[in-house]
Amino acid sequence: MEIKVLPKGNKFIVQDNKDRLLYSIKKKAFGSKYNLLDASDYNLYTLVQGGNDRKPVFRIILNDDVFMTLTCKSLFLDPTIEGGGSGMKFSLESKDRKEFKLIKDGKEVGSIKTVMTLNGELQYEIAIDNVAFDDYIPLFAIAIDRAFGDMNKNK
């Protein structure tokens, strides 16, 4: 499965490779909260950023409970975000902060690639095995954007 996470105004949209809208990700007015909404505007998950700028921590919330925690382990040498919850372990590993391997429970299941658009915005291309995909996966691109986006824009 291949999807794209594209910035559009003050939100992100998630499209498949036929440019059909799958989800939208809207930033809440205050703080660092992002709601993942399906095509019918039903709130599926919320991503909340915490921690500090050097090692951000992200929590994915489902039905008012923390479903998964993602922690940035390194910003510069071998940039990595690790996460877990609900019996799963994820790792987003990179060498250049732009191309990430998506590893679930020790097995590589996909990738997330950062692409600079003509207007200087960052978009994310996610390729993932169909059996490993779940609705919260586009929020991984938002975590990458929040942790590494400013550095990638300045390159």
Side-chain angles (χ1 to χ4, degrees), residues 1-29 31-51 56-73 79-94 96-105 107-117 119-153:
M1 166 178 268
E2 294 180 11
I3 59 174
K4 297 177 279 193
V5 180
L6 312 162
K8 188 170 187 176
N10 61 350
K11 66 180 181 177
F12 290 87
I13 59 170
V14 182
Q15 297 177 329
D16 64 8
N17 55 1
K18 294 179 182 170
D19 293 335
R20 291 181 292 208
L21 178 69
L22 302 175
Y23 309 99
S24 58
I25 302 170
K26 296 181 180 175
K27 183 175 183 185
K28 295 286 275 185
S32 294
K33 285 186 175 184
Y34 295 83
N35 288 336
L36 175 69
L37 309 167
D38 67 8
S40 302
D41 275 346
Y42 179 76
N43 187 30
L44 300 172
Y45 294 93
T46 301
L47 178 79
V48 180
Q49 182 178 346
V57 175
F58 304 93
R59 288 174 183 75
I60 297 176
I61 298 170
L62 171 67
N63 298 330
D64 296 326
D65 289 324
V66 175
F67 170 75
M68 182 182 299
T69 301
L70 302 171
T71 305
C72 185
K73 294 295 183 184
T80 303
I81 295 176
E82 292 181 349
S86 299
M88 298 175 288
K89 288 182 119 182
F90 278 96
S91 183
L92 302 167
E93 300 175 359
S94 179
D96 62 0
R97 294 189 302 270
K98 292 188 182 219
E99 294 191 28
F100 289 82
K101 292 180 192 173
L102 179 55
I103 299 167
K104 180 180 180 183
D105 297 327
K107 179 183 172 205
E108 187 173 338
V109 295
S111 64
I112 300 176
K113 182 178 178 183
T114 306
V115 178
M116 178 90 62
T117 63
N119 63 1
E121 295 289 330
L122 298 176
Q123 72 179 35
Y124 300 89
E125 297 173 354
I126 301 173
I128 187 167
D129 295 344
N130 288 345
V131 295
F133 181 79
D134 208 329
D135 291 328
Y136 56 82
I137 296 293
L139 291 174
F140 290 1
I142 304 304
I144 290 170
D145 186 73
R146 300 297 304 146
F148 305 108
D150 289 340
M151 287 183 272
N152 288 337
K153 283 182 183 176

Handout entry: Sequence-distant partners of Leu21, side-chain contact (heavy atoms from CB on, under 4.5 Å), two or more places apart
Key = Ile13
Fill in the blank from the handout: Leu62 and Leu44 have their tightest heavy-atom pair at CD1-O, 3.4 Å
Fill in the blank from the handout: So CD1 of Ile112 and CD1 of Ile137: to nearest 0.5 Å the spacing works out to 7.0 Å
Problem - Side-chain touch Ser32/Arg146, heavy atoms, less than 4.5 angstrom - result: yes
Problem - Reported CD1-to-OG distance for the pair Ile103 and Ser111, which is rounded to 0.5 angstrom - result: 11.0 Å
Exercise for the section: Would you check if the distance from the ring center of Phe140 to the ring center of Phe90 is below 6.0 Å? Expected result: yes
Exercise for the section: Drop me the distance from Tyr45's OH to Met68's CE, to the nearest 0.5 angstrom. Expected result: 8.0 Å
Practice task
Side-chain contact test, heavy atoms from C-beta onward, threshold under 4.5 Å: evaluate it for Leu47 versus Leu36 and give yes or no.
Solution key: no
Completion exercise
Between the NZ atom in Lys27 and the CZ atom in Phe12, the distance rounded to the nearest 0.5 Å is 9.5 Å
Problem - Gap separating the CG atom of Leu70 from the CG atom of Leu139, nearest 0.5 angstrom - result: 8.5 Å
Completion exercise
Interatomic distance, NZ@Lys11 vs NZ@Lys26, rounded to 0.5 Å, equals 5.0 Å
Handout entry: Over all atoms of both residues, closest heavy-atom pair of Ala143 and Phe58
Key = O-CZ, 3.6 Å
Problem - Where Lys4 and Asp19 come nearest, the two heavy atoms and their spacing - result: NZ-OD1, 2.8 Å
Could you give the side-chain donor-acceptor pairs of residues 122-136 under 3.5 Å, partners two or more places apart or in another chain?
residue: Tyr124; atom: OH; partner: Asp145; partner atom: OD1; Å: 2.7
residue: Asn130; atom: OD1; partner: Met1; partner atom: N; Å: 3.1
residue: Asp135; atom: OD1; partner: Tyr23; partner atom: OH; Å: 2.4

Exercise for the section: For Ser94 and Glu99, indicate whether the former's side chain and the latter's backbone hold a donor-acceptor pair under 3.5 Å. Expected result: yes
Problem - Smallest separation among heavy atoms of Asp105 and Gly87, with atom names - result: OD1-O, 4.3 Å
Problem - Any Thr114 side-chain heavy atom under 4.5 Å of Arg97 side chain - result: no
Exercise for the section: State whether the number of non-hydrogen atoms from other residues, nucleotides or ligands found under 6.0 Å of Asn119 atom CG is greater than 12. Expected result: yes
Problem - Asn10, CG atom: more than 12 neighbouring heavy atoms under 6.0 Å - result: no
Exercise for the section: Would you name the heavy atoms of Ser91 and Thr80 that are closest together and state the gap between them? Expected result: OG-CG2, 3.9 Å
Practice task
Check Thr46 against Lys33 and note the closest heavy-atom contact, atom names and distance.
Solution key: CG2-CB, 4.5 Å
Practice task
For Asp16 and Ile3, indicate whether the former's side chain and the latter's backbone hold a donor-acceptor pair under 3.5 Å.
Solution key: no
